[in-house]
Asks: 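Let me give you the structure first, and then I'll get to my questions.
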Amino acid sequence: MASWQRTHTCGELRAEHAGQAVVLNGWVNTYRNQGGLVFIDLRDRYGVTQVVFESERVELLKAAQELRSEFVVSIRGQVSRRLEGKENKDLATGAVEVKAHELTILNRCPTPPFEVTEFAAQELANEDLRLQYRYLDLRRPSLQRTLMMRHRLCKVIRDHLDQQGFLEVETPLLGRSTPEGARDYLVPSRVFPKSWFALPQSPQLYKQLLMVAGYDKYFQIARCLRDEDLRADRQPEFTQLDMEMSFVEMDDVFAVIEGLTSAVFQQCLGVSIPLPLPRLRYADAMLRYGNDKPDLRYGLEIAELSDLAAQTEFQVFRGTLESGGKVRGLNVVAAADKFSRKGLDELGEVVKRYNAKGLAWIKVEADKFTSPIEKFLPAPVQQALRERLSAKAGDLLLIVADKEDTVCQALGNLRAHLANVLKLIDPEKLDYKVAWVIDFPSFIRDEEENRWAANHHPFTAPMDEDLAKLESDPGSVRAKAYDLVINGYECGGGSIRIHNPDVQQRLFSVLGMSREQAQERFGFLLDALKFGAPPHGGIALGIDRWAMMLARTGNIRDVIAFPKNQKARDLMTGAPGAVDAKQLKELGL
RNA sequence: GGGGGCGUAGCUCAAUUGGUUAGAGUACCGGACUGUCGAUCCGGUGGUUGCGGGUUCGAGUCCCGUCGCCCUCGCCA
């Protein structure tokens, strides 16, 4: 063992170690030079320990005075209880310090481009600078805690699923491009010029083939790649817990995931999630929350007001209803005096951003409404509005009239905006609202291409009772599909698959795919279904988003060690970059 | 591709209506200091105001263009 190698980590030493000779390795977190006395806070992944250099060792003290932030050092010394009253209660190791006997500078460090040392309430440096020097940013304890939490998440998942009899199987990264879905990342083949592999958007087809192969309970923590634009919760390269089970229906998948959810929150955060998880029908979610991934930590539920709007003289409402639109609204309890005319205008801007034409508002008083549209609302309608929205004096009612999907979008986003400005979410509270969203429609209308498109994916089984309407009324067919929603994020989604080749073929037909086209694109799957495919279904959980929930961050880059920026560029390595002409030539490009 | 926000010292920010030599904290450098813990005190270095052009007697500030970063719409079966 080299003389500088550590005996303990920087998070380890306690009062009971007093008197022991130790060696610590780590980075200089802070230094406090007092002339005849130098203190160093030494940092590693496990914690921080104070090292003290005393005046008896003149040369050593002089060397310690040269130390700067982020130097990597080895300290040989003796653990010592701190002087009475000098303990640091903010530090796990604060009862002790290490009296240095020997200092080895393992590596020096220039002044870092930003401070690594973390303090409460400090402003972080620009994110692009921190991404450029990601290895420095990753030294920050808060980021280290986040990645440790992510490790814990994956560890709990693997242990739990192993106990439940699941088998982890890897599937290819180099696969075949399949149409529909996200844009593929493509990889050229050297051996077959002008031919391309696609990186997987998900292991979807492989896991179904594993079911055909009899593996029964499969999982994989799998990297997925989609060449689409990024968001705060979306990276081009992300990780799914991919799962599939044979001989199951929806309730079996729910039971497994609910057990897993409970284990994860209990073991990662000590939080109990009440089971069974609530189930929300898609149509109800859209009506009540304007969103298929509602944040259930606060109310502000949307109510249908179309029937009442029909009884008014307000042309905007009546015109909307006559052209098939909807009138819906929500009650912002006790908020009438929280929004000035200017504040209400800003709320109007929010809904306009989502294409709504405008926002009607009503300030509720004990015996009357104050509102620009009050004169159009007959007394019985006013009374009915009070009842429908449980309105009391001091409440603020907000109403949108438009096409149904516009109303949902506008009010759904308004709801989130209100929760934000009214601070309805306590960031300190470990509050998790987990729910299933079910009863999704199988198909959505692609108006541009004038055809039906798969809402989930084309291998999703329709509800048995809707099977007869597959050709006659595709829009009314519901799917055996389900999403798992946590605090307003879609954290998982899956379905029971079609295991019958005839049903699969009928579904392709609805999607406007001929037998030949289907064979061309998914022939291997259709063939496999013929060879004794068991009934099967599964789900994929977004590991990055789960990690965001557990780490309580809204930024997916916080839970990925080396993320891409919003343009899908790696600011640290500079990828993507040019390649040699020789490489291109070999690939026939 | 569209909308919004941002870009000033290594870092975080300020700079009245367009007006003197662009400031502060921190970091960094030098000095003092034997119980500090975001040490303290004294002194100092540090600026292509993202880049290019324009308007003006005068531009960090106004205009045009451009680059970069973040949020968002579209997109993400």
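Within every chain, numbering begins at 1; the chains are lettered A, B, ... in the order of the sequence lines, protein sequences first and strands thereafter. What you see below is based on every heavy atom in this structure, not just the backbone, and it leaves out hydrogens, waters and symmetry mates.
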Asks: Considering only heavy atoms and no angle criterion, is a donor-acceptor pair shorter than 3.5 Å present between the side chain of A/E123 and the base of B/rG25?
Replies: no
Asks: Determine the Euclidean distance between corresponding C1' atoms of B/rU8 and B/rA24; express it in Å to zero decimal places.
Replies: 13 Å
Asks: Taking atom C1' in both B/rU49 and B/rA14, what distance in whole Å separates the two?
Replies: 13 Å
Asks: What closest approach, in Å, do A/S69 and A/Y31 show between heavy atoms, and which atom pair accounts for it?
Replies: N-CE2, 3.7 Å
Asks: For the CG atom of A/L13 and the CD atom of A/E97, what is their distance to the nearest 0.5 Å?
Replies: 11.5 Å
Asks: For B/rC11, is there a stacking contact with A/F114, counting only centres under 5.5 Å and planes under 30°?
Replies: no
Asks: Look at all strands and tell whether A/E54 reaches a base, only sugar-phosphate, or nothing, counting heavy atoms closer than 4.0 Å.
Replies: base
Asks: With rounding to the closest Å, how many angstrom separate the C1' atoms on B/rG50 and B/rG7?
Replies: 6 Å
Asks: Could one point to a donor on the side chain of A/Q50 or the base of B/rU36 with an acceptor on the other under 3.5 Å away?
Replies: yes
Asks: Classify A/L124 by what it touches in the nucleic acid, base, sugar-phosphate, or nothing, heavy-atom distance under 4.0 Å.
Replies: sugar-phosphate
Asks: Would you say the base of B/rC76 and the side-chain of A/R234 have a donor-acceptor pair closer than 3.5 Å?
Replies: yes
Asks: Quick one: do A/K469 and A/D466 make a salt bridge, cutoff under 4.0 Å?
Replies: yes
Asks: Side-chain donor or acceptor of A/R82 under 3.5 Å from a matching atom on the base of B/rC37?
Replies: yes
Asks: Holding to side-chain contact (heavy atoms from CB on, under 4.5 Å), I want the full list of residues that pass it with A/Q505, two or more places apart in sequence or in another chain.
Replies: A/F508, A/S509, A/R515, A/A518, A/L526
Asks: With rounding to the closest Å, how many angstrom separate the C1' atoms on B/rC71 and B/rG58?
Replies: 37 Å
Asks: Is the phosphate of B/rC11, meaning OP1 or OP2, less than 4.0 Å from a side-chain N or O of A/R130?
Replies: no
Asks: Do NZ/NE/NH1/NH2 and the carboxylate oxygens of A/R545 and A/D233 come within less than 4.0 Å?
Replies: yes
Asks: Just wondering, more than 12 heavy atoms not from A/R506 lying within 6.0 Å of its CZ?
Replies: yes
Asks: Supply the atom-to-atom distance A/H17 NE2 to A/H8 NE2, rounded to the nearest 0.5 angstrom.
Replies: 4.5 Å
Asks: On the nucleotide B/rC71, are OP1 or OP2 found under 4.0 Å from the side-chain N or O atoms that A/R557 carries?
Replies: yes
Asks: Tell me whether the side-chain N/O atoms of A/N565 come closer than 4.0 Å to OP1 or OP2 in B/rC69.
Replies: yes
Asks: Hey, does A/D227 reach any base, or is it just sugar-phosphate, or nothing, if we go heavy atoms under 4.0 Å?
Replies: nothing
Asks: Report, one pair per line, the protein and nucleotides 38-42 of chain B atoms (nitrogen or oxygen only) whose separation is under 3.5 Å.
Replies:
| residue | atom | partner | partner atom | Å |
| --- | --- | --- | --- | --- |
| B/rA39 | OP2 | A/R32 | NH1 | 3.2 |
| B/rA39 | N6 | A/N33 | O | 2.9 |

Asks: So, is A/K86 close to the B/rC37 phosphate, meaning a side-chain N or O under 4.0 Å from OP1 or OP2?
Replies: no
Asks: Counting side-chain heavy atoms from CB outward, which of B/rC76, B/rC69, B/rG74 is closest to A/A182?
Replies: B/rC76
Asks: Considering only atom P, compute the distance from B/rC67 to B/rU20 and round it to an integer number of Å.
Replies: 33 Å
